Amino acid sequence: MSTQLPDQVEEESTETDAEPTAAPQERRLASKRDRAGEADRRRQAEEADKALDDDTYHLKVFRYDPEIAGKKEPRFDDFHVPFEKGMTVLDALMYARDTYDSSLTFRHSCRQAVCGSDAMFVNGQQRLCCKTQLSDLEAPVRIEPLPHAEVVKDLVVDMQHFYDQMEAVEPYFQTNDYPDGELEEQRQTPENREKVKMSTRCIWCGACMSSCNVAAGDNEYLGPAAINKAYRFTMDEREGEEMKQQRLKILEQEHGVWRCQTQFSCTEVCPKDIPLTEHIQEIKREAVKNNLKFW
Amino acid sequence: MSQSYDRGLVEDFGRWREFTAGMWAWIFHKFTGWVLVGYLFTHIAVLSTALQSPDAYTTTIQSLESLLVVRILEVGLLAVAVFHILNGLRLLFVDLGVGLESQDKSFYASLVLTGAIVVASVPTFLAGVFG
Amino acid sequence: MAERYSSFKVGGRRWLWQRITAAFLVAVLAFHFFLLHFVNHADEVTFGMSQGRMQELTYFSLMILFLLTATFHGVNGVYNALVNQGLSGTQETAVKAVLGVASIVLIVQGVRTALAWAGGVPI
């Protein structure tokens, strides 16, 4: 790419030198031809660059195994993985494991961003490996387990605390507000469904919790995923008023929603694009309004 | 989260470089907040020289204001206060659920505006100190 | 039902007050800076001029309110920052006490100074 620039400048200057008196239309057409040619050349050069550089991808992978004497000290292993178009970070990790080192350990299951098993810290950001294209990343690609969680082995972290926080908000539908008629369905309006739609997309991958600066410091903070889960049910009209009060009671504790500092880290890393901060803010306002009513 | 295996630098690798706008805004807001609350206490302490005698107050303030260091610190204080005000407004909007999609842009805007206001105020803040 | 709502969770009330004081302080702090650096100049401050302003009830009460809100906003902000870092238990109680005493000292000292200028509450 770098060789392109001087050429371009040269061409432009000869162009203007050669036809100072040419008719405006001719000049426009000439420069148009020039631009088209330039784009062609640039594309070719880029493809050639790719073929050279992306031949193999350099991965630096965090390794740690407390059970084996020689591996107790954390270190980074290098893997050079042959690149294929469309390759994700997870594909690369699987290639490395299957080809070079079968002891490389990481969680994965569905490989299509549904199960939420393979959130990791890739090039300094929490990402879901199966939906992160290698070609979007700068080499060497540095892969680490999620920060602010205990490492069990290699890229596997202990998710128990995350699951505990999720359980704490009672992440399931519950109601005592039944419709009249024994066989009547519990219907939800399209508008209400639309309201909770994004919040239902959570796959419990834990990327948001790991990215949250406050959750890292405050063990009791519910964290973005749990609050989003609570939002999904609090805002669901079918649960009824009494249930809503019960849910708000959990959320408005000292270490509930109030700890959120609107850093937007969770919203940035969420692989399902859930507007987490927006949901947390809405719960805060809901809690305040709820309590102001009786003042 | 739970007590983590101490990964030391590994844990924080690349973190500050990867920080997004919202995170920087939080860091700056927190830093300026600490500075402002620290200044509040100092401010009241200096002003309370007025309790001794009117003259003590006037001489204290005027001798402080004749120092170039104090004037430069005042420009710093202005920068800190203006940023805290502008980013505070941004946070109030975030709390009201307004413009959450452009929270990064509003952060950059508050930075730029802070810079502009501070630069424009430098002459007023340093006036007379060299004379 | 009323009792249930009367237990407005402390976190929420402080969160709301932090925002209310913020909105007030944005305006008053900007005014304060403008008045004392642009309208009047910092190097020309004298006891007499401060006295002149403070003897007006509007200005006096605005400054007292400024002191109260700024102290709350600042001290509550510090407390929040520490809780966010995971402060809890005895340490939290100790910090609460220290911050509480500091705020009282600050407010008392501030009010005394204001009264010294105004020579009593200007009514």
Side-chain angles (χ1 to χ4, degrees), chain A residues 60 62 64 66 72 74-76 121-126 142 144-153 157-162 164-165 206 209-221 223 260-269 275-282 284-286 288, chain B residues 1-37 80 83-114:
Chain A
K60 288 176 93 71
F62 180 91
Y64 165 72
K72 276 183 180 153
R75 66 179 194 284
F76 279 90
F121 198 51
V122 182
N123 275 5
Q125 209 193 1
Q126 286 78 4
R142 191 158 163 138
E144 297 161 69
L146 286 177
H148 307 303
E150 201 166 331
V151 185
V152 179
K153 189 190 172 196
V157 294
D158 185 355
M159 300 283 280
Q160 195 52 51
H161 179 68
F162 174 74
D164 286 347
Q165 301 305 70
M209 186 74 151
S210 169
S211 79
C212 179
N213 179 283
V214 181
D218 180 0
N219 248 333
E220 291 173 66
Y221 176 42
C260 167
Q261 303 288 300
T262 61
Q263 293 169 341
F264 291 90
S265 305
C266 53
T267 309
E268 299 276 352
V269 299
L276 291 155
T277 313
E278 202 177 316
H279 290 166
I280 299 173
Q281 293 299 84
E282 202 172 332
K284 284 181 191 167
R285 291 197 299 275
E286 198 65 31
V288 166
Chain B
M1 291 193 72
S2 59
Q3 212 44 58
S4 57
Y5 173 86
D6 184 12
R7 276 176 278 168
L9 283 174
V10 169
E11 179 109 338
D12 293 318
F13 161 77
R15 294 215 67 175
W16 70 270
R17 246 177 296 217
E18 302 286 342
F19 281 171
T20 46
M23 188 67 180
W24 280 119
W26 179 78
I27 290 171
F28 287 169
H29 201 76
K30 186 157 164 160
F31 172 76
T32 53
W34 281 103
V35 171
L36 287 172
V37 74
V80 161
F83 176 80
H84 203 81
I85 288 179
L86 293 175
N87 193 56
L89 285 173
R90 167 180 170 274
L91 290 177
L92 285 177
F93 280 113
V94 167
D95 285 328
L96 293 172
V98 177
L100 266 75
E101 313 76 37
S102 40
Q103 57 88 14
D104 46 347
K105 285 182 212 85
S106 57
F107 166 60
Y108 298 133
S110 57
L111 272 187
V112 170
L113 212 55
T114 304

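So that the names make sense, note that chain A is the first sequence line, chain B the second, and so on, each numbered from 1. Since the model is a prediction, treat every value here as computed from it, not as a measurement.
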Could you tell me which non-hydrogen atom of [X] sits nearest to which non-hydrogen atom of [Y], and how far apart they are?
X	Y	value
Gln281(A)	Asp95(B)	NE2-OD1, 2.6 Å
Gly97(B)	Arg285(A)	N-NH1, 3.1 Å
Leu100(B)	Thr277(A)	CD2-C, 4.2 Å

Rounded distance (nearest 0.5 Å) linking atom [atom1] of [X] with atom [atom2] of [Y]:
X	Y	atom1	atom2	answer
Trp26(B)	Gln263(A)	CH2	CD	5.0 Å
Gln103(B)	Thr267(A)	CD	OG1	8.0 Å
Lys30(B)	Asn213(A)	NZ	CG	7.0 Å

Pair count under 4.5 Å, heavy atoms only, with chain B: among Gln160(A), Glu220(A), Glu268(A), highest is Glu268(A)

Okay, Glu282(A) and chain B: the region with an atom under 4.5 Å from a heavy atom over there is neither

- Message: So Asp104(B) and Phe264(A), do their side chains get closer than 4.5 Å, heavy atoms only?
- Response: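 Counting from C-beta outward, Phe264(A) and Asp104(B) never come under 4.5 Å.
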
The interface call for Ile27(B) against chain A, heavy-atom contacts under 4.5 Å, is neither

